[in-house]
Each structure stands twice: as C-alpha cells, then as structure tokens.
Amino acid sequence: MNPRAVWGCFCLLCFSLLRAAEGNSQLLSFQPGTLYQYRYSLDVQLHHRPTAWPWGARLQAETLIHLHRLWRDRGGEELLQVQIRDLKAKHLPEEERSQDSTGGGPVEIALSPEAQAELQQPVFISWNSGKVKAFYGNEAENILVSNLKRGIISLFQLQPHAGTTVEEDASGSCQVTYTVSNHSITKIKDLLSCSKPKSGFTSINKIFGVEWQPSSRSQYVVKDNLLQSVLAEESHVVAPALRSRSGIKITSRQQLQLVPPAMPGPAEVSGQSLKDVLAGVEARPQPLGMASLPFRRVCTHCPSLRAFLKALDRQRVKTDTSKVATAWQFQRFIQMLRGAKKRDVLQLLRRTPEETRPFLVEAAVATQSVASLAALSDFLDFSKEPKSLLEKFLYAAAFSPQPSGELLHLVLDKLDGKQLAPEIWETGIIAVGSLVGKLCQQKLCGLQVVERGVETILRGLRGAEEEAQVVVYLLALRNAMLPETIPTLLEHAEDGPTAVTAAATSALQRLPAPHVSSKVKQVMRRIFHQKRKSYDKTCRLAAAEILLDNHPLPMDVINILLATSEMETEMATFLLLKVQNSLRDHHHLAKKIKKDIMGDPRINNYNFFSKVGISSSFSGPLTVTQDLTSTFGLDLLFLEGGFLRKSVSDFSLLSHGQRLRAAQVTFEAQGMELMMGENLSEGEEEPELMAGMSATFFDVQLRPVVFFQGYADLMAKVLLSTGEPTSVVRGNLLLMDHHQVIPLQSGLQVTVKLQGGLGLDISADMDVSIWEQELKSSVTARGSLAMDFQAELDSPFLQATLRGQTEVETSIHFDTKLRFSSSPVLMCLQLREEQVPYREVFTVSQSAGSRSSTARKGRRGTVPGREFALHQTNSKVCNLLLAAEKE
C-alpha cells in the first residue's frame, strides 16, 4: 500500500476521533439577543414511613423561567439574567390516604402581590459552558425566596464531559460524578460529602443520633450546544437510630424543559469587564453564595418562660421521674429555657419551691444556653446549697449528651478552691472527667478549659494522700478515657494497693482496642501472672479480661487457661467461663483464634474444662429489633467458702456498629467469710469487712456507694436500718438532642429535630440477716422515655411539619438472695420486667398563607411483663429457696 495513502487514512481517523471527542465535550452557550424560556416544575413530598400508604405533606410549583445573555467576554464567560415568571404553587392540605381512596386534590396557594413581585426580581449568574462561577442578587431578599432561586440556578450547574469534581450549588460544596452518553449527561451527587455553613448539633453517641440516607441524581439533555432539559431527583430518609420505623422520607423532584421556539430578547450590554456590566444593571446586584442560607423558623406556639413565670403560682411541676408526663415536661422546659434571658431563668430558679429546684437545675444544664449557664452560675452557691441539689447539678453536667466548654468552665469554677463536702467533691471530680472525655470526642481537646480540666485531675492525683482520693481521681480518668493518661493508669494499676489497682484496671478496660498497646498488655500479663507481687483475684481477673477483649494473642489465651490449673476452684471456674463465652461469641475478637487455642491438647480436653465451682459468667440478648440489640450479662465470683465476692450486672445496647453500656451495677462484699469463721488462703491479707456498690450509666461512672465498712458499721446499719433502699441515681436526662438542617437542591430547607428525655429512678438495697444467715440485695430501675422526632419543611409558600412522638414507661427488678446457712451456699437471681405501656402519635401540620391544618394518627399498647430465665442451675436453686419461703 502507498505510504502516503496509509498516512492519509491515519490522519482521517485521528480527525474523526477528535471530532467525536469534541462532540462529547461540546461547549455550552446561549446566543445573544435571544430570550430562552424554560418551564420549571417542583414537587416536594414528606412522608411518615411506618404507615402502609403515603401520609404526609406535598408541595407542587410551576413557573416559566426567562433567561437571556447580557454579556460575554473573549474567554467564553457569560453573564446571564434569570427571572421567575408567573409562579403557581399548590399543596395537599391533609394528604391522608387510605388504601381504598386517593384523597382530595391539590389546593392552589394564593400568593400576595408582594410575594409575586419578590419572586420576579431577576438574579444573575456568571456562567462558562455549564459552570456557574458566581451568583448575584439582592442580599436583602427574603431568605426563602433567595434559596428558591438558588435551587433553580443549581440546575444550570453541569459539565459536558465525564469525570469527578467538586461543585457548589444550593446543597453546598459537594463531590459530583458525571457520565456522558450521546446527548445525555448524568450527574450523581454525593450528598454526604457536601460542606456547607455549620448549623445544628447532635449527641456524641451515635446510638442516640439520627440515621440519614441521602441520594441525588440529575439527568441533562444537551443538543446543539444548548441545554434542552434537566430532571433532578433527590431523596432523604431520616430516622432515629434507635427506631428506624419512625422515620420520615423526603423526596424532591425538579424538572426544567426548554420551550421552543426561542424568542427575540434584549441586546447584549457592552462593557470591559463583568464588574462594569453589573454596575450598570438597575437592580445593582451583589455577589451571593451559591449554598442555601439556613433559615430559622419562628415558633408561634412554643412555650414561653415569661408566660410561665406570670402564672407560676398556679403551675405545678411534676417531679416523679418514672412517669412519662415528667419526661415530656422536662423537654418543654428545655425549649422554654433555650429562648429565655438570664434574668428570667434566675427568677424561675429562685421563685420555685425547693422540692422542684432539682428538676429545674437539670433542665437548665440540659439547655446549655449562655443565659441558662450564667443563671446557674449566679444561683448555685456550693457553700450553702443542699448537697442533693449540688449533686444533681454535677450529675446533670456529667450526663450531658454534647456538653460545651462553657459547661465545663462552670463546673471547674464551682469546685475551685472551695471547702466541699466529700460527696460533692467526689461527684464533681468524676463529672469533670466525663465532661473532658465528651469534649475530646467532639475534637475539642485543644480548648484551654479542657486542658485545665485534665490538669485538675492529674494534679489532684499526684497530690492525693489517701487511698480513697486516689480512687476518685482514677474514676475521673476512667470517664475521660484519654490515651495520654495511659502511662499514669498503668503505674497505679501495677504498683497501687488493691482498691487503686482495681480502679486503674477498670479505667484501662474502657479504652478502645487501638489504644491497648503492647505495653499495656505487658503490664496486664505481669498483674495476672503476679510477676512482681500478689494481687487480689478481682484485679487479676480484670487484667485477664483486658488481654482477652483486645485483639488477643493465642499465646495469651493459652497461658491464661493454663494458669487456671493453679488457681482456687471458684476463680478458675469463673475465668474458664469467661474464655468460653469469648470463643463462642461471634462478635468477639477472640473468635478468630479459636482454632489455634483449641488445637492445643493441654486445653482441648474434657478434664480441663470440668471445674465444679459455683461462680458463673454469662451474657445473652434481651431484645433484638431491626435497629437495636440489648444484652444482659452477669458475672458472679464466689469465694471458696461459698460467699459472694463480686457481682457485675451489665445491660448494653448495640446499634449500627456502636456499643453503649446503658447500665452496669457492681456489688462487692469482702470479709464476710471471716465473720462466719472461714479461713484465709495462704498468703492472703485479711480483708476489711465491707459491702458496697458502684454503677455506670450511659458510659458515665458514678460515685461509688458504701453500704457498710467494718463490723461496727454493719451492726449499726442492721440495728438502725429504716428499710428504705439507697438511691443510686434519680433524675432527668436529655438523652437525645439532634438538630440538622438539610438544604435540598431545589433550594427548600428541611430541618430535622430529635429530642429524647429520659426519667430515671434507680435504687439499690442490701439486707444482711445474721440470725437468718441470709443476704438479700435488690436493684430496682424505673424509667420513662419520651422521644420527639420531627422534620420541618420551609418554603416561601408552605410550611409543613411531620412529627412522630413515642413514649414508654418501664420497670426492671434484679433481686439476689443468698443463704449461707447451708453448704454449699445457695443463691437465687431473679431478673424481671413489669409490663411496659407505650404510645405513638404521628402528626402532619401544614400552613399556607392564612390556612392551616393538622392531622393525627396514633396507637397505644402494653407489652406484657416477663421474667428472664438466666440459666438452668439458677432456676433450680430459686425454686428451692422460694418453696422454702412459702412453707
């Protein structure tokens, strides 16, 4: 073949490929002197998800969009004027459809002449072949109207070639991916990547937050370098993480269609630069951001603190924390206080009766507004106020779902340099640890007040002279959970006395697995295997748990198992059950090395695991739903004589990959065996007679409670006992607090709110009968939960609110009965739940112009009470003891 012919064919092929590439990356443009008309339609819907048919709110709008080119520079940048003409909007007043009917038709929304005039004010964009470079308009314009125009302008944001980039539109600055096929361009927007002006807040623990599942897809059609049509669809599913069936679905559909033929339009404006052209425009537009501006709805029916104060003498504040009415009242007070001024909050605290002040202090702490914290600062006098009120304030701060630096500053100021009662000082230091930890989880460790809080704990720990003080500071570090304090915890764990070692190892147990380094494991090995000194069995077991629960090495597990052959029967039995539970649990990290461990013939035999002690360790699910698994675990460690040394009851929540220790109650008793004439083990120190309890709620360690310490104290408690249980915690918590603004691409805004108030009343009691030779303990937890979840749609023509409210009351009892008059000791455990009443209400409220409507649906019911079967041996002993009581 002729070389020239080959070369000519090659050039022709390259030219064809280049033309094809240009066709796929055509330059978009609007012609001068031409008026383009686009028909624009918008359809936004909000629906409650639990209903079997659509039930919610719907907004539809239609308008003509006039667009023409004002100016173009040599680089291809164009200044376009965009104007809304003759907008019509309609909505469904109560879209409450049954399966047999289609409901009523849409009702047109009457727009005032002022609203129409504002809508028709033109906006301007700097545009270059699909890319919106800048947006200009009237900065004094109504935010909702301005956002609606941003939504329309966002449809002109595109690129004619494939690829991934970052674009800014009404949703914010987002990552988008384009694919191109002939005349069609598809844009997928990653709404989770969008950055926008910060607004809102959420609970630190994701279990109490909101699950958000967004999606966005836009389809463009471009022919002859001109945008012909756009179809943009997005959806958002939002729901409380604990209850997805109470979610709300939001859909938005925008459509833009070119109306042929093009009409003659205004001529282009002459100018040297874009700035010169804009200066000559009559409206004098100012540069505006493309991202929608957050809009704050004014609540006309929300409770007002000023109005409440006027009728204070006639108002009654509910204080029974186990009742759901109190939980709802708690949330209403938070709403009132968030909009109140300092003088009104202070007046409320001073004027209310003394018995209701703890409730109001909790509400003021949960509010965390500048005014409420300033009022608390003036109101609380740590040298005069009752201890119960001060403790209520400190625990309310410790349980805050997303505390601020100002709250920690207030707590530190109240503790600084004052002579406090021991209970208040201990609670205060533990609260400081909780606040420091939660602020660091919010990535606020660098705040000066956080550094002050950490230094307060560490300085106090260094200067503590009494063992009890050291323990309190270590419990504060347990709440803080800071990686930089690990060396301090290791030092106290290895070298301290029993109580100090126990507190330090419990703090190390809370560390996430990535922070349990080889150095931490090395110290835990020395404690467990007692390489440097002897340790109490509870401390050795805690060290073993750290090794087992954090990416365990096969050799560590094997060595722990082999060590049980040299232990007392009860400790060995307990530890073997711990290891077996770990290996059986499909979610436990030790599951991966099960084959390596069971392949060792020294371990994998019947004789090794056939210990006959009465100590036990087990865990299992209580409730399993689509979103949540709740588990109950119980560890019981006995002494050789059959006396209970330690019991740990654990209620945990697992949801969406998150784990939360909802409640952990630990009873410890020591020295009981000496009172009954039992002998000590060789080398064991004589323990002091005592019994006490410590508790953790929602991952916050509380101040330990001592029932009695020493024989004289025991006798005094037995003789002078009133029979009343000891209150562990009683109060109201703001468990869920979420506020999220979702800007739709259409320019409309959806605000998602979640508030969950929890009323909690937990008491414990231990009764020791020397004459009957019995020990009884009981933990009673009564609670109420009120959850309010809502989504608000804001537009220039319609405001709609979808709301789901859930309320529950529950009561759980955990009783232990121990009879040590026989051998072996008999023990019965009972875990029972009373019937649980619940109620759900779903509401749709809409307001358009002077018209408003509200529709409600609801359901209520009762879950029967139940008693949980813990394990077979326990059931047999309980039947025996209960039968003896009836005789």
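Just so it is clear, the structure is predicted and the values come from calculations on it, not from any experiment. Residues: numbered from 1 along the sequence shown.
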Is there a donor-acceptor contact under 3.5 Å linking the side chains of Ser322 and Asp320?
yes
Is a side-chain donor-acceptor pair under 3.5 Å present for Asp737 with Gln402?
yes
Do the side-chain N and O atoms of Asp635 and Ser617 include a donor-acceptor pair separated by under 3.5 angstrom?
yes
Output, in order, the C-alpha distance, side-chain angles, deciding distance and verdict of salt bridge (Lys or Arg N to Asp or Glu O under 4.0 Å) for Asp650 and Arg661.
CA-CA 7 Å; Asp650 183 279; Arg661 180 165 283 120; 2.6 Å; yes
Taking Arg703 first and then Glu423, would you say they form a salt bridge - that is, a charged N and a carboxylate O separated by under 4.0 Å?
no
Test His813 against every option in Glu834, Glu833, Arg782 by the side chain to side chain donor-acceptor pair (under 3.5 Å) rule and name the one that passes.
Glu834
Would Leu461 and Val470 satisfy side-chain contact (heavy atoms from CB on, under 4.5 Å), going step by step from the backbone distance to the final call?
CA-CA 6 Å; Leu461 181 59; Val470 175; 3.8 Å; yes
Correct closest heavy-atom pair for Leu634 and Ser649 would be CD1-OG, 3.6 Å
Closest heavy-atom pair and its distance - Val877, Cys828:
CG1-N, 4.3 Å
Look at Asp536 together with Arg645 and state whether they make a salt bridge at an N to O cut-off of under 4.0 Å.
yes
Give the minimum heavy-atom separation between Leu653 and Ala662, together with the two atoms involved.
CG-CB, 4.1 Å
Check whether more than 12 heavy atoms from other residues, nucleotides or ligands sit under 6.0 Å from atom CZ of Arg730, and answer yes or no.
no
Search all heavy atoms of Arg478 against all heavy atoms of Thr696 and return the closest pair with its distance.
NH1-OG1, 3.5 Å
Whether Lys537 and Glu570 form a salt bridge (side-chain N of Lys/Arg under 4.0 Å from carboxylate O of Asp/Glu) is what I want to check.
no
Exceeds 12 heavy-atom contacts within 6.0 angstrom, atom CD of Glu455:
yes
Is Lys438 salt-bridged to Asp699, going by a charged N under 4.0 Å from an acidic O?
no
Nearest heavy-atom neighbours spanning Ala480 and Val436:
CB-CG1, 4.3 Å
Evaluate Asn479 against Arg510 for side-chain contact (heavy atoms from CB on, under 4.5 Å), listing each step before the verdict.
CA-CA 9 Å; Asn479 280 339; Arg510 279 207 66 196; 4.0 Å; yes
Plane angle bin for Phe359 and Phe330 - parallel if under 30°, tilted between 30 and 60°, otherwise perpendicular
perpendicular
